[in-house]
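Any value given below was found using the heavy atoms of this structure, including those in side chains, with hydrogens, waters and symmetry copies removed.
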Amino acid sequence: MPELAKAYEPQQVEDRLYQKWRESGVFRANPKSARPPYSIVMPPPNITGKLTLGHVLNNTIQDILCRKARMEGKEVLWLPGTDHAGLATQTAVEKHLRQTEKKTRHDFTREKFVARVWKWKEEFGGIITKQLRKIGASCDWSRERFTLDKDYERAVQQVFVRLYNEGLIYRGTRMVNWCPGSLTAISDEEVIPTKQKGFLYYVRYELVSEGRDGSPLPSHSMLSDSGDAKGLASLPKDLTVATTRPETIMADVALAVKPGGKWAHLIGRHVWRPLHREAIPIIADEAVEEGFGTGVLKVTPAHDKTDYEIGRRHNLPVIDILTPRAKINDPGDHDAAELHGMDRFDARKRSAEMLKERGLLVKEEPYENTVGFSERANEAIEPRLSLQWFMKYPNIPEALALLRDGHVKFHPEHWTKVYEHWLENIQDWCISRQVWWGHRIPVWYSVGSRRTPGGGLPSGSGGPDYLLSGSPQATGSDQPTAARRAAATAEISPELVCQIESPGPDWVQDEDSLDTWFSSWLWAYETMRTEDGTRRKFYPTSALVTGPDIIFLWVARMLVAGLHFKPNGEKKTEAETLEANLAFKDVYFTGLIRDKQGRKLSKSLGNSPDPLDLIAKYGADGLRFGLVRIAPQGADIRFDEKQIEEGRNFCNKLWNICRFRTMHGPIDSNAEPWKHSRSIFADELLKYLHVLLEGERSALAALNQFNFSEAASQLYDFVWNDFAARFVEAAKIDFNQADSPTRAGTLATFDYVMSHVLRLLHPFAPFVTEELWCDLGFGTETIQTTLWPTQSPRPKTWSPRALWVYALADMGRQLRGEYKIPPNKKVPFQLRIKFNSTWQSDPPTENELEVLKALLNASDLKLTDLPPPPIAERNNPVPGRLVDLGDDPWLYTDFMGWISMIAIDLIDPAVERDRLTKELAKVEKDLEQTRRKLGDANMLAKAPPAKIEEWRLLEISLVEKEKSLRESLKKLEG
RNA sequence: GCGCGGUUAGCUCAGUGGUAGAGCACUACACUGACACUGUAGGGGUCACAGGUUCAAACCCUGUACCGCGCACCA
């Protein structure tokens with residue numbers, strides 16, 4: 001047997017073992033296998049990504065599931081891959097090009113740029129998958145996929161065509177979330193609501209004096225306004241509107257008030273728009289809430305979603321005054337012309353100033369509201385009217401039923417509500433992106449009818465030149481307002497066909513690409529090939545492990561995709577079809593990892609430790625185990641490096657237990673402790689192993705219920721306390737005595753339990769367990785092909801005597817502590833056997849006494865005469881109870897009768913008195929509390945009898961303890 | 001505004017009706033033959049707050065506060 005190093009050194013082990021595993025092919029899934037399938041698709045990290053702690057946690061959990069399944073005899077497919085991450089990657093590559101070549105993507109043609117991204121991908125894109133190997137991820141790398149693989153791309157386009165033909169995908173001009181930074185639309189789910197401090201501006205809109213015919217006077221007559229207002233004195237001269245966005249005033253087309261509200265009498269009249277002065281009507285709309293601001297809402301259909309709806313309801317024009325880059329676009333000769341060309345935020349300040357100058361700003365007050373931000377560019381989103389592609393979600397009722405009927409389970413369960421809420425309020429999905437890197441939309445326009453940039457279309461997808469120009473939109477350049485309105489509301493329906501291949505030379509493909517998630521939502525099955533039977537074998541997948549932040553973006557959509565596209569086809573019955581096409585059966589949501597202060601880990605904060613550094617420092621197993629042990633189910637994790645250190649320490653503990661074992665002869669890999677006579681300590685450990693594996697609250701049950709931290713904690717406690725601290729210490733007696741009758745049993749127990757522990761820990765800490773498994777000689781190849789332990793019998797002869805010994809040792813050590821006797825000083829102990837105990841009739845064995853002696857570090861351990869029967873026995877108010885009670889409760893309540901220090905000369909009487917007094921005070925307090933309870937007639941009448949018995953017995957033992965303490969004190973004084 | 005989590009020792013978290021638990025950190029002691037990535041012992045908590053139910057509440061109910069996360073058209 002090889003001599004084990006003094007400490008576990010992960011660096012010596014990890015790469016070698018990972019190499020070994022890959023070469024052995026254990027990670028490879030065989031679709032032809034007869035074993036039951038188990039499959040997980042890895043949430044594909046972005047190719048731009050670097051490994052974060054979040055990835056480590058996520059993939060460790062997947063690895064735990066996969067390794068366990070492998071040991072359970074299943075055919076496991078863990079399918080890895082990466083995501084092309086459209087905009088994110090495009091942004092990253094552009095940044096790279098800017099830094100290295102001082103170029104933007106517009107210095108290239110689209111084709112050239114995309115080629116550069118591919119090149120970049122070859123160079124830097126695989127980093128994260130290499131890093132995953134460092135943590136021991138047991139994926140089938142031979143099946144690694146990429147969301148832009150040729151066949152995957154084709155599948156995505158097929159899906160688009162299919163949905164288009166089903167009428168579920170359509171093109172239209174809608175309000176979308178526009179990112180002025182990256183110049184593309186994004187979906188509702190990608191908008192991050194962010195609290196913003198700003199101002200609420202109260203702006204005065206003057207009422208237009210009505211002419212005789214009820215029509216507003218022309219705007220240039222403003223100077224004579226007040227004169228015409230005579231006779232209308234009862235009416236206000238103006239309406240005040242509260243707004244956070246004064247820069248959009250020029251796009252106002254109406255004011256809205258609540259129907260039947262306090263301003264109802266003004267409905268139908270007009271006001272002067274205070275910037276770019278024009279008369280606009282006052283309308284009534286239910287969307288207005290009188291409680292907010294002044295109860296008057298300015299209606300700006302081009303720049304607000306609600307306003308757009310109001311505008312539609314009232315047939316109002318749309319005036320768009322922002323360029324794609326969110327600069328003011330309102331050229332021409334008018335009173336706010338100076339704002340033209342300004343950035344929206346500068347324009348906000350300036351427009352407020354202009355209003356102030358004109359006496360139209362009533363007040364401004366600080367205000368905090370929520371503004372949507374884009375994830376990638378970190379820019380405030382502009383609601384923008386734009387021609388885009390949308391998808392109507394199919395199978396929503398069925399998707400809702402999946403969770404309700406238990407076909408799919410979320411862990412923790414409470415995420416179900418979030419899922420349901422989203423599905424119940426779902427809106428069409430904006431799937432087109434004005435991004436070059438990604439899946440092209442399989443739609444072709446005949447050359448004559450393609451969307452033309454200058455055509456007056458308020459679209460963001462007009463093509464690169466248009467987007468970049470930053471010049472005012474054609475919609476309004478030099479034209480009068482009426483023309484702007486007409487242009488903005490126009491819909492164009494160009495001649496188009498939806499198919500993958502080009503219909504011919506006169507056709508051009510749609511410029512847009514698809515939302516990255518439109519490819520990800522097929523990940524659960526499109527990654528699996530059909531030709532070799534992979535999909536038939538491994539789809540539906542068994543589990544999905546991901547963060548709750550993408551529950552809509554990804555999880556829900558994959559379920560919908562499974563329902564709609566039925567990748568495994570129709571089966572005989574509807575129920576079977578459903579089962580065969582679920583994307584996954586269990587979803588485990590990991591928590592978010594935060595730093596000590598509770599902040600999210602992020603690059604910009606610099607609070608994100610590099611997992612590779614942690615691996616170098618603590619080993620992959622230490623990192624994995626440390627992280628999993630503290631990751632409570634579904635809750636966020638506060639990361640502290642200390643916890644990883646604990647993981648490392650634990651691995652070292654395990655290592656040293658094995659190292660200790662190797663010092664006492666060869667391992668028996670098929671050890672059967674049942675065949676040998678065993679010490680009570682061996683049986684004690686076997687009992688705990690049994691408990692660890694069976695029952696509702698066992699580690700195994702926890703693991704099966706996705707409660708990884710609980711399972712890890714239980715294993716940790718078992719190894720450290722039950723195995724190392726107790727059993728190993730006790731085993732030393734046997735190991736050091738070649739002729740001990742229980743020696744063989746102890747060795748067998750050691751080997752048997754160790755083989756279980758290594759297997760149980762292997763999913764959590766694969767490297768150290770594999771290394772030990774092979775070094776110790778449990779197996780030659782890999783621990784992953786061994787059997788997963790599911791049970792271990794409870795020893796038939798088990799008795800609590802081992803517990804007593806351990807408890808006695810604890811007590812003796814306490815005495816040492818209390819008397820301030822150094823742990824290395826050997827002192828004589830005296831053990832007194834309690835009257836009526838098992839040990840009286842069945843005295844401790846040689847081995848038991850030796851163990852106790854060792855644990856106490858006693859120079860001598862003597863059994864002494866029995867003390868007189870305890871007081872409780874004489875005045876027992878519940879006759880007969882004491883005997884039923886068994887023995888061990890006495891152990892805990894009255895240890896002074898059991899063990900005492902014999903070397904009186906070591907004891908300082910002052911210390912002793914102090915100790916006894918303190919103890920007495922505590923006992924008296926407990927006694928008082930117990931007696932109060934027992935004196936409560938209500939309690940006696942209503943509490944369950946068993947509980948009352950418990951209190952009574954507690955009282956008896958406390959009385960006895962009190963008496964004994966008093967006697968000791970008296971003796972000390974006398 | 002609505003919904004979902006959370007609030008227990010300095011820290012990270014267990015604990016779901018019967019006198020508060022673990023690990024870490026801290027303090028003291030010990031480099032004893034597996035392990036100092038160790039061992040032994042110790043100090044440390046009105047279980048966020050207020051009501052209610054109950055013989056009995058950290059636990060069940062109601063409300064409040066604070067933290068986190070979703071959702072929502074509050075300009």
Worksheet item: What distance, rounded to whole Å, do you find between the two C1' atoms, one in G43(B) and one in U27(B)?
Response: 7 Å

Worksheet item: Taking the same atom, C1', in G6(B) and in C13(B), what whole-Å distance lies between them?
Response: 12 Å

Discussion item. At 4.0 Å (heavy atoms only), tell me whether Tyr419(A) reaches a base, stays on the sugar-phosphate, or touches nothing.
Written reply: nothing

Fill in: Nearest to side-chain heavy atoms of Arg659(A), which nucleotide of A30(B), C35(B), C37(B)
C35(B)

Worksheet, complete the sentence: In 5'-to-3' order, the base (B), backbone-only (S) or no-contact (-) status of each nucleotide in nucleotides 19-26 of chain B, using a 4.0 angstrom heavy-atom cut-off, is B---SSS-

Worksheet item: Is there a donor and acceptor pair, one atom on the side chain of Lys653(A) and one on the base of C35(B), closer than 3.5 Å?
Response: yes

Worksheet item: How is Lys417(A) classified with respect to the nucleic acid when contacts are heavy atoms under 4.0 Å: base, sugar-phosphate, or nothing?
Response: sugar-phosphate

Worksheet item: With both distances kept under 3.5 Å, what pairs with C66(B), Watson-Crick or G-U wobble?
Response: G6(B)

Item to complete: Compute whether any side-chain donor of one residue and acceptor of the other, for Trp429(A) and Glu189(A), lie under 3.5 angstrom apart.
Response: no

Response to the item:
Side-chain atoms of Thr244(A) come closest, of A34(B), A75(B), G42(B), to A75(B)

Worksheet item: Does Phe660(A) have Lys732(A) sitting over its ring (NZ/CZ under 6.0 Å from centre, angle to axis within 45°)?
Response: yes

Worksheet item: NA contact type, Ala941(A), heavy-atom cut-off 4.0 Å: base, sugar-phosphate, or nothing?
Response: nothing

Practice prompt. Looking at every strand, decide which applies to Pro822(A) at a 4.0 Å heavy-atom threshold: base, sugar-phosphate, or nothing.
Written response: sugar-phosphate

Item to complete: Please list, chain by chain and in numerical order, all residues satisfying side chain to side chain donor-acceptor pair (under 3.5 Å) with Tyr308(A), sequence neighbours excluded.
Response: none

Practice prompt. Looking at every strand, decide which applies to Lys732(A) at a 4.0 Å heavy-atom threshold: base, sugar-phosphate, or nothing.
Written response: base

Practice prompt. Could you give the distance separating U53(B) and U40(B) at their C1' atoms, to the nearest angstrom?
Written response: 46 Å

Item to complete: Using the test side chain to side chain contact (heavy atoms under 4.5 Å, CB included), find all partners of Val418(A) that sit at least two apart in sequence or belong to another chain.
Response: Trp415(A), Ile551(A), Phe552(A)

Discussion item. I'd like the P distance from G70(B) over to C35(B), given in whole Å.
Written reply: 50 Å

Discussion item. Taking any heavy-atom pair under 4.0 Å as a contact, classify Arg932(A): base, sugar-phosphate, or nothing.
Written reply: nothing

Worksheet entry | Qualifying side-chain hydrogen bond (donor to acceptor under 3.5 Å, both in side chains) pairs with a residue from residues 716-725 of chain A, counting only residues at least two apart or across chains | none

Worksheet entry | Atom pair NZ/CG of Lys258(A) and Leu297(A) - distance to nearest 0.5 Å | 11.5 Å

Fill in: Pairing nucleotide - G23(B), Watson-Crick or G-U, each distance under 3.5 Å
C11(B)

Worksheet entry | Base paired to A72(B) (Watson-Crick or G-U; both N/O distances under 3.5 angstrom) | none

Item to complete: When you get a sec, tell me which of A75(B), A41(B), U38(B) is the closest nucleotide to the side chain of Asn649(A)?
Response: U38(B)

Worksheet item: Touch check for Glu413(A), heavy atoms < 4.0 angstrom, all strands: base, sugar-phosphate only, or nothing?
Response: nothing

Item to complete: Would you classify Phe723(A) as touching base, sugar-phosphate or nothing, given that sugar-phosphate means primed atoms plus P, OP1 and OP2, and contacts are heavy atoms under 4.0 Å?
Response: nothing

Practice prompt. Quick one: label Ala724(A) by what it contacts on the DNA or RNA (base, sugar-phosphate, nothing), any heavy atom closer than 4.0 Å.
Written response: base

Discussion item. Pairing check on C31(B): which nucleotide meets the Watson-Crick or G-U wobble criteria with it, both distances under 3.5 Å?
Written reply: none

Item to complete: Please list, chain by chain and in numerical order, all residues satisfying side chain to side chain contact (heavy atoms under 4.5 Å, CB included) with Lys642(A), sequence neighbours excluded.
Response: Asp640(A), Glu645(A)

Worksheet item: Residues in side chain to side chain contact (heavy atoms under 4.5 Å, CB included) with Pro274(A), at least two apart?
Response: Val203(A), Tyr205(A), Ile249(A), Leu355(A), Leu360(A)

Worksheet entry | Nucleotide nearest Thr306(A) when distance is taken to its side chain, options C73(B), A75(B), C4(B) | C73(B)

Discussion item. Taking only the C1' atom of each, what is the distance from C47(B) to C29(B) in whole angstrom?
Written reply: 33 Å

Item to complete: Could you check which nucleotide pairs with U54(B) in any of the strands shown, counting Watson-Crick or G-U wobble with both distances under 3.5 Å?
Response: none

